[in-house]
Each structure stands twice: as structure tokens, then as C-alpha cells.
Amino acid sequence: MTPSTETVSCNLCGNLTTTVCYADVARIDTPSTQVVECNQCGLVYLNPRLARLADNFTMDEAYLRKFYLPYYQDMGLLTPDLELDIVENHRFHRGALAEMQPYRESNRVLDVGCAIGLFLAAARADGWECFGVEPSSHLGEYGRTHFGLSIFEGELGHAELAPNSFDVITLWDVTEHLLDPKSTYRLVYRLLRPGGLLMLRMPNWQSLARELLGPEWEMFVTDHFYYFTPDTLRALLEQTGYVPKYVSANGIVPSEVAAIQATLGADAAAEAMACAQSTAGIGRGSTLTAAAQKPRSHRDRLQKAGELLRQGDLATLAAEARKYAQSLLVARSL
């Protein structure tokens, strides 16, 4: 049976008029789907697109067994017997774990779209109290059964999670899969404690690989509904109330170098790598990474300022004052 599709307006600004970027992408299975760019804000998305995430093949057990588990087995995070390699998994995630450390207050982290929970397993090894949300029953069940993780099966809006209860919330390679990114980011905002950290990773629309490969870009798949740039991601964060810490996209991943070489030749691949390592490659890397904070309330900020003053930590106090001033500017624009 052909899955149902829907036509949508721009998730970022609500505009209906678009320019077609690619009219027929072989990697996208839904009929008549085009890759379009909003004429008003520049957000790129699929239109029409799947009406239900549940209709995508990534929700099937075959995806878990044939693609997901072998991929992380090849990366070394899972052993040949598909058990967790605790040391290698922690090493893979150590950069994100270090970035989270200064935000440890309640000691709780939530990973939205956690799959089998590899990041959560690494965070647990670092002493965090870990929670996950995963719409795929097969992926979530694997993480619960094999790794003993707390993973809610379903959409974030159906999870019974307390407001302001997480120090850190992560969406690793998830935003592009969301049917409504703006609503999800607002839900996440509600769950994140004041001053808490949001961490993100997703494909970069203005990547060198996409520019060179066009419709053959490997990030074109049926359930990648949205494609953000540094500018449109920053706009999404600011519209949903966050104070961005950074939004970056540097470097080109090996699989995309190989795809460029296979399609356009070794010289094109070498030029892309050289560009990615130069100032011309800033913001044109394969992957968008970002971090943002939920602003503290006025009362919370005053309490923290008093604590810092009593501790004599004037440098941190000054940094908090700058963040507060920035959050006021954002609030006025909402």
C-alpha cells in the first residue's frame, strides 16, 4: 500500500511559496516529492512528504538488523557479537560528554530520538541519570533489553516528563527527521531546566558535498524532511526561545569524499577536501553541530548571581550577565 503524503508550508516562517531545488531525487521514495526552498526564509524541505513517520522503512526491524547494527559494529561501538564496547563507545562520545559537564546540576540528561541508546550508555558511564525517547519500537526495545536503558517508546509529546527537569537534552541526527521541528524544539524547551543545555547535530544543506553531488547527495532520503543551514538553524533556535552558544559546520566526512571521488573524480575530491580545510569551507562542512541554552528566569539568575558573588567568582558572574543581556534581546524579538 502506498503511504499517505501531505503538502506543508514552511515550518520556520509559515510561507507557502517555494523554489524547487531538485524535482526528482531517486533516493526519495515518496511519489511526486520535490526538494524545495522557502522563498521567504530559505529553509529547505521535502514537499510533499510522508504524512506519518511510522510509514518509513527506518521504523521496521529490518532497518535495525540490516543497517543500524552493522553500521555501528563497523564503527567499533558494537562488538562482533553486537554487545556494547563500553570503552570505544565512551571514547566516541567523549567530546559531547565534556561539553555537558559544566551543566551538571540535577544530573539528568534526555536524548530525543536516542535509537538503541549508544549516547545514553556513554553518559551513564559518566555518572549521568539517563532517559531516552525513541519512536521506533525495534530500536528502543534493543536499548532497553541489551543495555538496560530507560527509553520511552513513542513521540516526545506523549512521554510523561516533568517540565524543567533536565540539565541537558540532545537531538543527535534527529532534527531532519522531525515532521514539525518548531513544535519539538518548544517541547524540549519546556523540559529543559533554566540555564540547561541543548545539543544538536544534523546534515548541513550548504555543505560542499551537496553542492557538488546535487541529487546524488547521500543525505537525500525519504524521512529527511528538513535541511538546515547555519542561518536557518540559528533562526529556529531563536524563534523557539533559546540563546545559541554556537552553530558550526566544518569539515567533510570520509563517505562524502568517497562519493565525490566516485562521481566527479579524484581531482574534485581533493579540491573539496582542500576547500573544507580553508576559510572558504567555513560553514560548508558535512554536518551542522550546535549548542544553545534555555535562558534562566530573572529569579534564578539573581540567585545564581548571589552565589557567584559570595564565591568571589567575578569572571563567571560577568559571563552570566552577558548571557542575560543577550537573552533579553532574544525575548524582545519573539
Side-chain angles (χ1 to χ4, degrees), residues 57-101 109-151 168-177 199-204 207-209 217-219 221 223-224 248-262 269 272-273 276-277 285-291:
F57 81 101
T58 58
M59 307 296 282
D60 299 336
E61 186 175 9
Y63 172 76
L64 169 69
R65 299 294 174 183
K66 295 181 180 180
F67 297 97
Y68 193 92
L69 295 178
Y71 178 78
Y72 284 101
Q73 191 177 51
D74 289 344
M75 288 183 62
L77 307 191
L78 299 175
T79 69
D81 295 328
L82 296 178
E83 298 298 328
L84 181 68
D85 187 320
I86 297 174
V87 174
E88 190 58 35
N89 186 55
H90 191 274
R91 182 182 294 116
F92 179 80
H93 293 102
R94 61 187 173 186
L97 295 172
E99 191 172 347
M100 292 162 51
Q101 183 61 31
V109 60
L110 172 67
D111 188 15
V112 179
C114 65
I116 65 173
L118 293 174
F119 171 73
L120 291 176
R124 182 177 60 187
D126 250 18
W128 288 87
E129 185 180 1
C130 298
F131 302 86
V133 174
E134 173 52 49
S136 167
S137 60
H138 303 290
L139 291 170
E141 179 61 24
Y142 195 95
R144 288 191 297 269
T145 302
H146 290 264
F147 307 147
L149 293 166
S150 176
I151 298 175
V168 178
I169 299 180
T170 58
L171 286 83
W172 304 126
D173 305 307
V174 167
T175 301
E176 64 272 25
H177 296 276
M199 302 179 73
L200 305 165
R201 183 177 63 223
M202 66 198 72
N204 179 23
S207 70
L208 288 163
W217 187 38
E218 65 181 5
M219 288 297 104
V221 291
D223 67 334
H224 281 188
S248 64
N250 302 318
I252 185 167
V253 298
S255 62
E256 294 191 337
V257 175
I260 293 168
Q261 180 167 333
M273 291 177 64
Q277 295 166 5
S286 301
T287 306
L288 269 175
T289 57

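Keep in mind that this is a model prediction, so the values were computed, not measured. The basis for the numbers below is simple: all heavy atoms, side chains too, and nothing from hydrogens, waters or symmetry mates.
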| note | Closest heavy-atom pair, A249 versus L288, reported as atoms and distance to 0.1 Å, is CB-CD2, 3.9 Å
| query | Does the side chain of T58 reach to within under 4.5 Å of the side chain of V221, using non-hydrogen atoms? | reply | no
| field | ring pair (Phe, Tyr, Trp, His ring centres under 6.0 Å) contacts in which one or both residues fall within residues 70-92, not counting sequence neighbours | value | Y68-Y72
| field | Spacing of CG belonging to D111 relative to CD1 belonging to I151, to within rounding of 0.5 Å | value | 8.5 Å
| task | Grab the two heavy atoms, one from V109 and one from F119, that are nearest each other, plus how far apart they are. | result | CG2-CE2, 4.3 Å
| request: Taking all non-hydrogen atoms of both residues into account, name the closest pair between H224 and M219 and its distance. | output: ND1-O, 2.8 Å
| Got E256 and L208 here, is their nearest side-chain heavy-atom distance under 4.5 Å? | no
| said: My understanding is that only residues two or more places apart in sequence, or in another chain, count here; which of them pass side chain to side chain contact (heavy atoms under 4.5 Å, CB included) with S150? | reply: F131
| message | Restricting to non-hydrogen atoms, name the atom on A291 and the atom on E99 that form the minimum distance, rounded to 0.1 Å. | response | CB-OE2, 3.5 Å
| said: Surrounding CD1 of I86 (heavy atoms of other residues, nucleotides or ligands, distance under 6.0 Å), is the total greater than 12? | reply: no
| Distance-minimising heavy-atom pair for G148 and R124 | O-NH1, 3.4 Å
| request: Find the distance between CG (L171) and CZ (R201) and round it off to the nearest 0.5 Å. | output: 10.5 Å
| request: Walk me through it: do L84 and H146 pass the test side chain to side chain contact (heavy atoms under 4.5 Å, CB included)? | output: CA-CA 8 Å; L84 181 68; H146 290 264; over 6 Å; no
| said: Under the rule for side-chain hydrogen bond (donor to acceptor under 3.5 Å, both in side chains), what residues qualify as partners of E88, not counting sequence neighbours? | reply: R91
| request: Kindly write out the residues that satisfy ring pair (Phe, Tyr, Trp, His ring centres under 6.0 Å) with Y63, not counting sequence neighbours, or none if the list is empty. | output: F57
| remark: Applied to residues 130-141, the side-chain hydrogen bond (donor to acceptor under 3.5 Å, both in side chains) test, sequence neighbours excluded, yields E141-R144, E141-T145
| query | Does the side chain of L78 reach to within under 4.5 Å of the side chain of L118, using non-hydrogen atoms? | reply | yes
| said: Before you tell me yes or no, could you show the steps for L64 and I116 under side chain to side chain contact (heavy atoms under 4.5 Å, CB included), namely the whole-Å CA-CA distance, both residues' side-chain angles and the distance that decides it to 0.1 Å? | reply: CA-CA 9 Å; L64 169 69; I116 65 173; 4.0 Å; yes
| request: Take atom CE of M273 as the centre, draw a 6.0 Å sphere, and report whether it contains more than 12 heavy atoms from other residues, nucleotides or ligands. | output: no
| C130 and A123: which non-hydrogen atoms are nearest, and at how many Å? | SG-CB, 3.6 Å
| request: Enter the distance from M75:CE to N89:CG here, rounded to the nearest 0.5 Å. | output: 9.5 Å
| said: Rounded at 0.5 Å granularity, tell me how far OG in S255 sits from CD1 in I260. | reply: 9.5 Å
| request: Answer yes or no: is there a donor N or O on one side and an acceptor on the other, between the side chain of H177 and the main chain of D223, under 3.5 Å? | output: yes
| task | Kindly say whether V253 contributes a backbone atom to a donor-acceptor pair with the side chain of S286 at under 3.5 angstrom? | result | yes
| field | Distance (rounded to the nearest 0.5 Å) between T79 OG1 and Q73 CD | value | 7.0 Å
| Does some side-chain heavy atom of Y142 sit less than 4.5 Å from a side-chain heavy atom of L82? | yes
| query | Do any pairs count as a salt bridge (charged side-chain N to carboxylate O under 4.0 Å, His left out) and have a residue in residues 58-81, sequence neighbours left out, and if so which ones? | reply | E61-R65
| Side-chain contact, heavy-atom cut-off 4.5 Å: W128 with L120? | no
| request: Enter the distance from N204:CG to T289:OG1 here, rounded to the nearest 0.5 Å. | output: 9.5 Å
